[in-house]
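Below is one structure, written out as structure tokens, with a few remarks after it.
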Amino acid sequence: MKSKYQEYIQLNLTQIAGDVLDAWEKDNTFERSITNREGKPTFVFYEGPPSANGMPGIHHVISRTLKDLVCRYKTMRGFQVKRKGGWDTHGLPVELGVEKLLGITKEDIGKKITVEEYNATCRREVLKFKDKWDELTQKMGYWVDLDHPYITFENNYIESLWWCLKELYKKGFLYESVSIQPYSPAAGTGLSSHELNQPGTYKDVKDTSVVAMFKATKNDRLKIENADENIFFLAWTTTPWTLPSNLGLTVGTNIDYVLIKTFNPYTHLPVNVILAKALINKYFKTENENGDFSSYDETAKLIPWKILKEFKGKELEGLTYEQLLPGEANTLEKIREITPGAQPFKVVTGDFVTTEDGTGIVHTAPAFGADDFKAGKKNNLGILTLVDKEGKFVDGVGEFSGRFVKNYKDDPNYTDVNVDISVKLKKENRAFKVEKYEHNYPHCWRTDKPIIYYPLDAWFIKTTAAKERMIELNNTINWKPASTGTGRFGNWLENMVDWNLSRSRFWGTPLPVWRTRDDTNHYSRLNQPKIDSIKIPSYEICIGSKQEFIECTREIENKSQIFNGFFVNIQKINNDSNLLKSILDKWQENYDFEKTDPYTYVYTKELYNLIESNQKITLENLVDANLKSHHLKEFLARITENDLENIDLHKPTIDNIIFSNHDGEILVRVPDLIDVWFDSGAMPYAQWHFPFENQEEFKKNFPADFIAEGVDQTRGWFYTLHVLAALLFDSVAYKTVVSNGLVLDKNGVKMSKRLGNIVDPFETLEIFGPDATRWYLITNASPWDSLKFDLEGIKEVQRKFFGTLYNTYQFFALYANVDGFTFKEKYIPVKERPEIDQWIISSLNSLIESVTKNLDDYEPTQAGRAIEYFLDEHLSNWYVRLSRRRFWKGEYENDKICAYQTLYECLQALSMLIAPIAPFFADWLFTNLNTVTKKLSQESVHHTDFPTTDSGLIDMELEERMQLAQDISSLILSLRKKVNLPGGQIGIKVRQPLQKVIIPAIDDSFAQKIKMVEDIIKSETNIKEVDILQANNNFIKKKAKANYKTLGKKLGAKMKWAAEKIQQLGDDDITRVLQGDFILNTDYEQKKESPIIITAEDIEVSTNEIPGFEVAVKGNLTVALDIILTENLKNEGFAREFINRIQTLRKEKNFDLTDKIVVNLVNDEVAMLPINEFNTYICAEILADKLEFVPKLVDGITIDVNNHSLTVTVTKKAK
RNA sequence: AGAUCCGUAGCUCAGCCUGGUUAGAGCACUACACUGAUAAUGUAGGGGUCACCAGUUCAAAUCUGGUCGGGUCUACCA
């Protein structure tokens, strides 16, 4: 045990952190903080996995500080808080990084580089910066288990994901469907929403837009005089290339439409058009309404128009129209070939229609828009995809066939087909307005070409099936801030769509669905999408575990079917193509595929071709050719138990696994991978390899009590966690979620590598230390507000908060070491200590209460600010300042011990209170204190219990009194500064004692309060007496002010008048108001008004005038200072000034605090009187044994006391 | 385009929920003081159209509606 408190020369936060970190590592402090709490209730925290293929930034420090502080706090509150780390390792960012590294594009994968090599690179690259992350984690003091993290690419992890998927599959929540997705014809690939949200993808472009005229077919409902013929629906589009694929027009049910008689501005033919009433102004000039039709010709500038009729959208529903751009490829027959029974070319209703743009009638091409697709499906419009995957028109679209809808090939001679379409429509009297339109349109970030929306096959999770339940569950979640939960997240849930799960990529969790060749698949290869959703082909299995590779059982048509798993040796097939050929030959002998099975025929022929031309054969080729497992037995190996351990569940290994059913039909895996968000959303289960292992562990750790991430995860991780918990376990995944805001640079701009305004977290931690950095991040702004990160702010925290705390400790250590205080004396009950001790302990307990409440509420900013306030305003600037003398004066007896015990308690409590936010400094402070006193058995502050409030020690009245003392002292000091002395001198130094201060009391209790703190005021301001003027004196003048709150309610409009009146009330009137009723409008009878009666509660009384004194006022507090300096006071002032000079000399000479000294002065008339008069006092202050005047001094030093020179010697007395 | 957060002193933020009197802190700046905690501290000063507009009200930084600016998320935009 040390007997002395460690003292330091200078505060070095970085060094403290380093030392403490070493100690933590040596003592396994983190591990023990968890094992210590074995058997205690658990507090469950989930770590959102970061991706380690990028460097950590300062913004990671904030969310991790937040997570860490909550976990540390809960640990100190007695919970066991396990924190498993994790790594997000799949996904696009990783793939893109690797592609950049290898200098390849997606198309090269499988060609220039094998999938195997590619994935191996991803696996290697993904944890590239793991060391850096681990370093950051440690240096910033983030306690998380780095030794047993979950890693999303590990087999066990993937297996759990598969279990989840199979559960969803069994419930019918996992389905395949065609959907309209962003697609880049230039790159030949679909794009994820993530890719679409890369910076710079949305660009303002000018496109040719056209308002097309769809001619209505004759119909009774449209039978209108003079308008039976030539009725057109106007519909606007910015993508004229979608017009040949048009199959419907969508109107809004409740939108008002009008039928207008006018002329086509291009052809000048009389037409009647239908559009939304709200949009008339867009196409017609008001002044031309009901213009002259008869004189109109093509030279006329003004086009007359008039409204013939109005409809609601509902009334238009079901009307039909003539196809706009008929061709061979889009005849009704063709449409019905693809979508049997389709009823296209009619008006339907949809809630997505607005009157913001266009005409209020939406041109609907189901293949090229998600809304269109939905509308098409709902109304049986059919589907037409007259543009192929390269982005050009297919055959049979007349003169447009073969033309690219945008310039995808960088053809210098490209002419815009959209313009040509518009021209054609103009000529045919089918265009009402053609113009360039500037809008924001997404582009493929890789090729910089505009994307199109295109139907693609995809797998979905049917989140919409549980929408209501998910909203219900969300309402039980504690969101910080609440608005994110109800707003951003709640809204998102309300507008939920099914989760598009599939990704056509290479590095990710494979979708574990195997199926037989089915003809619908061929559809898509023939460039037509499947329309039937949720259609399960006859043989399809979803694999939920590795075990099922050996054998998977599935109920099909009420029969249990067994599927066996095999490895396919593709290499052998390719090496031994003769063997394959002979198998094919033998099989073909017995069948005439050309007649019985045209698909098999086509694909068998293709397979022969491949063999003959010595090209690579894939598994797909074999399955297409309809080969069965018994045909291929030479190339297959049954999967056994022994294999299971080593199967890599990634591509391409997994794609070489097939299943066969009892007929030998082969099932191959569908090519998709799953969205990486599924990886992270399933971490509650997958991190434990649930349900294959750790079932108990899982139960104890689900759902989470708390998670926290950036607000950008709201629709990312927070959403996927929520979806999976709701669908799989009908539960929330987390009870509290804190979403923190962004970290911006000091100018409020988002940090990005591009702008070079990134703050390096390592450098920051190195320079300022982790504690100051964490404290700054937490207290500067609420976690959910975006934070303008400024290093100056950390500096301020360092100096102001940690500097002050360090100084306070240093002060304590200095004197405690002198006096040998080690808390060995009996504990003195707080109630028996001096009032100032009781006060600071009361404040401390109030602080504990507030910190606890705020941390329980996940409001760390408030907690931190409360601690700052306490330390600065209460402990340092008041308690220590006022108590200073108690520490260094007098004997080591009761009062001094009280002071030590009190300050010690405050420091110890502070070390605990700040422990969650500033873990290193807290432990440093705690250990410095505790190694000497051994008050607590724990070796680390993080193993202690968080302080609890002792409400018996809180004395609100005392705290109020002390506040009063502080305010009064502050007023007196300001008066001292202000007063003018006769000699022209401004201000009186605090060292110069003054006789008295006068404080008028509004009432008796106020007087009583001041009385109780008068000693403090006297010593703090160096004043001899405090004169309290009782309430009922005649000396002071009262002033009244209206209480707007109470009076406002009573008086309303008369308030202003009353306020002025009250302002003017004299002393007597005020007294009467205070004593009872008072009528403000004395002339109410004359004016026939009702009397305005005011009572004590309606006015606030203050005194701001004391005749003959200079006064200072703050609120209802007034002080007046007596500034007359008597000889006696002057002498004392002189003595104190002299003390100050000697003390400075002591310090300059580096004497110890306890050194006794001898002081000699050269005889001096001026100094003689005061110094002799206060000799004893001076000696006590400066620790002098002797203070004498002598005639002459050798080596004397000249000092200046109140503008008077003195020669002195100060010598240390031999011990 | 929708949702959401933000806009108060040169800077960082309180105050807004629950309307009320002269809108507060800290930093920075200036001056003066204090001093055995001293790279600390105190006092004073300058510095604000509380983004803008309208409304409700006796009274608006605060409540309501809108506009503008900034951030973020989401998006399928005809």
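The basis for the numbers below is simple: all heavy atoms, side chains too, and nothing from hydrogens, waters or symmetry mates. Here is the naming used below: chain letters follow the sequence lines, and residue numbers restart at 1 for every chain.
- Below the 3.5 angstrom threshold, one finds no donor paired with an acceptor across the side chain of Thr242(A) and the base of A78(B).
- Arg1136(A) has its CZ atom 17 Å from the P atom of A33(B), to the nearest Å.
- The CZ atom of Phe214(A) sits 11 Å away from the C1' atom of A78(B) (whole-angstrom rounding).
- No side-chain heavy atom of Asn418(A) sits under 4.5 Å from any side-chain heavy atom of Asp207(A).
- Defined by atom type and a distance below 3.5 Å, a donor-acceptor pair is missing between the side-chain atoms of Tyr806(A) and Asn12(A).
- Rounded to a whole Å, the NZ atom of Lys480(A) is 14 Å from the P atom of C5(B).
- Remark: the Ser739(A) side chain and the Trp479(A) side chain contain no N/O donor-acceptor pair separated by less than 3.5 Å.
- Atoms OH and OH, from Tyr809(A) and Tyr5(A) in turn, are 8.0 Å apart once rounded to the nearest 0.5 Å.
- Of the C1' atoms belonging to C68(B) and C34(B), the separation is 50 Å, rounded to the nearest Å.
- Between the P atoms of A23(B) and U41(B), the separation comes to 28 Å (whole Å).
- If you check G20(B), A78(B), A40(B) against the side chain of His363(A), the one that comes closest is A78(B).
- One atom, CG of Leu882(A), and another, P of G42(B), lie 13 Å apart when rounded to the nearest Å.
- For A37(B), the OP1/OP2 oxygens have no side-chain nitrogen or oxygen of Thr808(A) closer than 4.0 Å.
- Side-chain atoms of Tyr815(A) lie closest to A37(B) of the nucleotides A78(B), A37(B), A14(B).
- Taking only side-chain atoms of Trp236(A), from C-beta outward, the nucleotide of C76(B), U41(B), A78(B) with the closest atom is A78(B).
- Checking A37(B), A14(B), A78(B) against the side-chain heavy atoms of Arg865(A) singles out A14(B) as nearest.
- Between U12(B), A37(B), G20(B), one nucleotide has an atom nearer to the side chain of Phe811(A) than all others, and that is A37(B).
- For Asp371(A), the listed nucleotide lying nearest its side chain is C76(B); candidates were C76(B), U41(B), U21(B).
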Encode nucleotides 25-30 of chain B as B, S and - characters from 5' to 3', where the letter depends on protein heavy atoms closer than 4.0 Å: B to the base, S only to sugar-phosphate, - to neither. -SSS--
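- Using cut-offs of 30° and 60° for the angle between ring planes, the Phe368(A) and Tyr454(A) rings count as tilted.
- The CG-C1' distance, from Asp207(A) to A78(B), rounds to 13 Å in whole Å.
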Could you spell out the base pairing of RNA chain B in dot-bracket, with Watson-Crick or G-U pairs whose two distances are under 3.5 Å, [ ] crossing and | to another strand? (((((((..((((......[...)))).(((((.......))))).....(((((..]....))))))))))))....
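- Within the 4.5 Å cutoff, side-chain heavy atoms of Leu805(A) are placed close to those of Leu925(A).
- For the pair Glu859(A) and Lys480(A), the salt-bridge criterion is met [side-chain N within less than 4.0 Å of a carboxylate O].
- Base contact: Ser876(A) has a heavy atom under 4.0 Å from a base atom.
- Rounded to the nearest 0.5 Å, atoms CH2 (Trp499(A)) and OG1 (Thr463(A)) are 8.5 Å apart.
- Considering only side-chain atoms of Asn877(A), the nucleotide from A14(B), A78(B), U41(B) that sits closest is U41(B).
- Atoms CD (Glu709(A)) and C1' (C73(B)) sit 15 Å apart, rounded to a whole Å.
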